[in-house]
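Written below as structure tokens is the structure these notes are about.
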Amino acid sequence: MILETPHILVVDDNSEIREIIKILLTGEGYQVTEAANGNDAWKKLEDGSYDLIILDIMMPGINGFETCVGIRSQSNVPVLFLSARTTDSDKLLGFSSGGDDYLEKPFSYPELIGRVKALIRRYHVYRGKESNEQKEQALPKLLTLRGLQMDTERELVFLDGRQLELTTTEFKMLRLFIENQRQIFSAQRLYEAIWNEPYYYGANNTVMVHIRNLRSKIEQEPGNPSFIKTAWGKGYHCE
């Protein structure tokens with residue numbers, strides 16, 4: 001059971017869209033704060049704590065991709081892109097900038113609420129915000145692999161004593177690999193395990209982007225990885 005009312009930051013330059021989303025989310029019991037642009041979002045993030053950020057892409061000045069990169073420099077809070085830009089390249093750029101999910105405009109209300117609930121639920125589980133009973137049932141606090149150490153309770157990762165800044169999705173992916181060393185995960189299996197959704201055409205690109213981002217943070221030579229290796233034609237595995 002989540003103990004506190006989840007707080008969501010909605011970032012969109014269109015005040016009508018912000019108002020619609022706010023009405024929907026407050027009707028579901030969420031606390032909502034609005035931001036009209038990227039700079040406003042960064043300031044709101046400094047001033048408060050959030051469980052999810054819903055982020056538009058096409059905004060004047062700093063666009064959504066740039067805003068997400070700035071958010072990632074401050075926080076690992078989940079980011080849901082909500083945009084009329086629907087090409088695969090747009091989606092890949094969204095994931096590359098640190099986004100956790102992507103929903104196309106126009107969107108259905110049930111789908112938006114479903115995505116919001118799923119992202120917040122995952123965030124609370126992996127941030128240790130669930131009840132004490134769930135914490136007691138959690139996996140061991142510390143996972144290690146050579147120079148890598150993962151504190152699963154506080155969701156912290158260290159490499160040779162240096163703390164790494166991983167997104168929630170990257171943390172989940174790395175944890176899955178370390179807990180299942182030498183086990184090969186296909187793109188479909190990874191996607192369904194991490195995103196908890198059915199695999200779809202194009203999801204392979206999403207997995208590839210997150211693997212690349214994760215390798216850039218944990219590997220000394222991302223082009224010649226020593227932790228997360230590719231099993232050509234099969235998937236990925238951890239050694």
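Values reported hereafter were calculated over all heavy atoms of this structure, with side chains retained and with hydrogens, waters and symmetry mates removed. Just so it is clear, the model here is predicted, and its values are computed rather than measured. Sequence positions, counted from 1, serve as the residue numbers for this chain.
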* To do: State whether a side-chain donor-acceptor pair under 3.5 Å links T167 with T169.
  => no
* Structure fact -> Smallest heavy-atom separation, L119 atom then P78 atom, equals O-CG, 4.1 Å
* To do: Please answer whether the main-chain N or O of V79 pairs with a side-chain N or O of D100 as donor and acceptor at a distance below 3.5 Å.
  => yes
* Where is the tightest heavy-atom contact between C68 and G99, given as atom of each residue plus distance? -> SG-N, 3.6 Å
* Asked: Would F95 and F81 count as a close aromatic pair, with their ring centres under 6.0 Å?
  -> no
* Structure fact -> Distance col, row N205:CG vs H210:NE2, nearest 0.5 angstrom, shows 12.0 Å
* To do: Hey, can you tell me if Y191 and W195 have their rings parallel, tilted or perpendicular (30° and 60° cut-offs)?
  => parallel
* Determine whether more than 12 heavy atoms belonging to other residues, nucleotides or ligands lie under 6.0 Å from atom OH of Y201. => no
* Asked: How many angstroms lie between atom CG of L176 and atom CG of L190, to the nearest 0.5 angstrom?
  -> 6.5 Å
* Within one Ile-Leu-Val-Met-Phe-Trp-Tyr cluster: V209 and V69, side-chain cutoff 4.5 Å -> no
* **Q220 atom CD, neighbour heavy-atom count above 12 within 6.0 Å** => no
* Backbone of P225 reached by a side-chain donor or acceptor of K229 within 3.5 Å -> yes
* Which atom of M59 lies closest to which atom of N37, heavy atoms considered -> SD-CA, 4.0 Å
* **Check: I62 and W42 side chains under 4.5 Å, non-hydrogen atoms** => yes
* Asked: From L214 CG over to I228 CD1, what is the distance, rounded to the nearest 0.5 angstrom?
  -> 4.0 Å
* Asked: Judged by atom type as modelled, is there a donor-acceptor pair below 3.5 Å linking the side chain of S75 to the main-chain atoms of I71?
  -> no
* **Exam field: side chain R85 to backbone K91, donor-acceptor pair closer than 3.5 Å** => no
* Please report the closest heavy-atom contact between Q149 and T144, naming both atoms and the distance. => CG-CG2, 3.8 Å
* Taking all non-hydrogen atoms of both residues, which atom of I113 and which atom of E28 are closest, and how far apart? -> CD1-CG, 3.7 Å
* Asked: Donor-acceptor pair, N76 side chain versus L166 backbone, under 3.5 Å?
  -> yes
* Is there a donor-acceptor contact under 3.5 Å from the side chain of H7 to the main chain of S49? -> yes
* May I ask you to decide whether D12 forms a salt bridge with K105, counting only side-chain N to carboxylate O separations under 4.0 Å? => yes
* Step through the shown structure and confirm whether more than 12 heavy atoms of other residues, nucleotides or ligands are within 6.0 Å of CZ on F158. => yes
* Main-chain N/O of V77 paired with R72 side-chain donor or acceptor, under 3.5 Å -> yes
* Asked: Can you name the nearest heavy-atom pair linking T67 to A41, along with the distance?
  -> CG2-CB, 4.2 Å
* Sub-3.5 Å donor-acceptor pair from the side chain of E66 to the main-chain atoms of N63, do we have one? -> yes
* Asked: Are the aromatic rings of F227 and F177 close, with centres under 6.0 Å apart?
  -> no
* Atom CD of E46: over 12 foreign heavy atoms under 6.0 Å -> yes
* Donor-acceptor contact present, side-chain E219 to main-chain S226, <3.5 Å -> yes
